[in-house]
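Have a look at the structure below, then the notes.
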Amino acid sequence: MRAVIQRVTKASVTVGDEQISSIGRGICVLLGISVEDTQKDIDYVVRKILNLRLFGDENGKPWCKSVMDKQYEVLCVSQFTLQCVLKGNKPDYHMAMPSEQAEPFYKEFLQQMGKVYKPELIKDGKFGAYMQVNIQNDGPVTIELEPPSTTADPKHLAKLEKQQLRKEKTRAKGPSESSREKSIPRSKDDPSASSGAEGDVSSEREP
């Protein structure tokens, strides 16, 4: 899981011509869900987001109050492109959780936010929609956040990427060609992105 947290004076989400969410002072959270994420990751990220001391106190002392301390609002937007892995100049999204699993996972994330904080102060975008997200960053202040399980073992992530690439090559060759694998040179082209990245991703998943 990867979260980008921005301190804002205001933020909003528009789908088509309709503004579906907006907040005043608070934080905007862009959240990218990976294929490896678990409930434990949700618990960690929610706790950190709501307790990050990004605000000053009434005496002007900076970095000493959280969004909960200030009773400010939170706008959450699911953004699978945060799980991008570059293959040359081409973005690949095979580390992003597929939408059919990601949507209930994201809803669980929002529910957990509402349990820890006031649910009426938690706002949301629209999962799977093409959104216009307007963020007025205050500072600017931007924090990147990942659970320890994500950042602690980069070798394991590299291994998962290689396994996914092997699966994609196998699918591309087809069963009739598998017996001739050694005699046919492998293509040097990058494999197509998976996990919701087929075709024009902007029309399928939220940016």
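Every value quoted in this text rests on a predicted model; they were computed, and no experiment measured them.
Annotation: side chain of Met68 is in contact with side chain of Val116 (closest heavy-atom distance under 4.5 Å). Considering only heavy atoms from C-beta on, Gln132 stays 4.5 Å or farther from Val15 through its side chain. By the 4.5 Å heavy-atom criterion applied to side chains, Val29 and Val74 are counted as neighbours.
Legend: salt bridge (Lys or Arg N to Asp or Glu O under 4.0 Å) pairs involving residues 13-30, not counting sequence neighbours, sorted by first then second residue: Arg25-Asp138. Judged as a salt bridge (Lys or Arg N to Asp or Glu O under 4.0 Å), not a single pair has a partner in residues 46-67 (not counting sequence neighbours). Applying the ring-ring contact (aromatic ring centres under 6.0 Å, His included) rule to pairs touching residues 58-78 yields Phe55-Tyr72, sequence neighbours excluded.
Listed by chain and residue number, nothing satisfies the ring-ring contact (aromatic ring centres under 6.0 Å, His included) test with Tyr44 (two or more places apart in sequence, or in another chain). In this structure, the side chain to side chain donor-acceptor pair (under 3.5 Å) partners of Ser66, at least two apart in sequence or on a different chain, are Asp69.
For the pair Met131 and Lys126, the tightest heavy-atom approach, listed with the atom from each and the gap, is SD-N, 3.4 Å. Looking at every heavy atom in both residues, Lys70 comes nearest to Gly56 through NZ-O, 3.3 Å. Shortest non-hydrogen contact noted between Val45 and Ala3 is CG1-CB, 4.3 Å. Among all heavy-atom pairs drawn from Gln83 and Ile33, the shortest one is CG-O, 3.5 Å. Shown here for Ser12 and Leu75, the closest heavy-atom pair between the two residues is N-CD2, 3.9 Å. For the residue pair Gly32 and Asp37, the shortest heavy atom distance occurs at O-OD2, 4.3 Å.
Taken to the nearest 0.5 Å, the CG atom of Leu82 stands 11.5 Å off from the CE atom of Met1. In this structure, SG in Cys84 is found 11.0 Å from NZ in Lys90, a value given to the nearest 0.5 Å. Here the straight-line distance linking atom CD of Gln112 with atom CG of Leu50 works out to 9.5 Å at 0.5 Å rounding. Here the NZ-SG distance, from Lys123 to Cys28, works out to 12.5 Å after rounding to the nearest 0.5 Å. Residue Gln19 holds its CD atom at 5.0 Å from OG1 of Thr14, rounded to the nearest 0.5 Å. In this structure, the separation between CD1 on Ile23 and CD1 on Ile135 is 9.0 Å, given to the nearest 0.5 Å.
Side chains of Thr81 and Gln79: a donor on one and an acceptor on the other come within 3.5 Å. A donor-acceptor pair shorter than 3.5 Å can be found between the side chains of Gln136 and Thr9.
The main-chain N or O of Gly24 is found under 3.5 Å from a side-chain atom of Glu73 such that the two form a donor-acceptor pair. A distance-only check finds no donor-acceptor pair linking the side chain of Arg7 to the backbone of Ile27 [under 3.5 Å].
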Atom pairs and distances, side-chain donor-acceptor, residues 102-111, under 3.5 Å, sequence neighbours left out:
| from | atom 1 | to | atom 2 | distance (Å) |
| --- | --- | --- | --- | --- |
| Tyr106 | OH | Cys76 | O | 3.1 |
| Tyr106 | OH | Asp124 | OD1 | 2.6 |

Take Glu36 and Asp41, measure what side chain to side chain contact (heavy atoms under 4.5 Å, CB included) needs, and give me the verdict at the end. CA-CA 9 Å; Glu36 282 206 308; Asp41 297 315; over 6 Å; no
Test side chain to side chain contact (heavy atoms under 4.5 Å, CB included) on Leu145 and Arg2; report intermediate values, then the result. CA-CA 6 Å; Leu145 176 65; Arg2 183 169 293 137; over 6 Å; no
Audit row: Gln39, Asp43, side chain to side chain contact (heavy atoms under 4.5 Å, CB included) steps and yes/no: CA-CA 6 Å; Gln39 181 64 45; Asp43 296 341; 3.0 Å; yes
Go through the steps to decide whether Ile5 and Thr142 satisfy the test side chain to side chain contact (heavy atoms under 4.5 Å, CB included), and finish with yes or no. CA-CA 6 Å; Ile5 302 117; Thr142 302; over 6 Å; no
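Atom CD of Glu120 sits in a crowded spot, with more than 12 heavy atoms from other residues, nucleotides or ligands closer than 6.0 Å.
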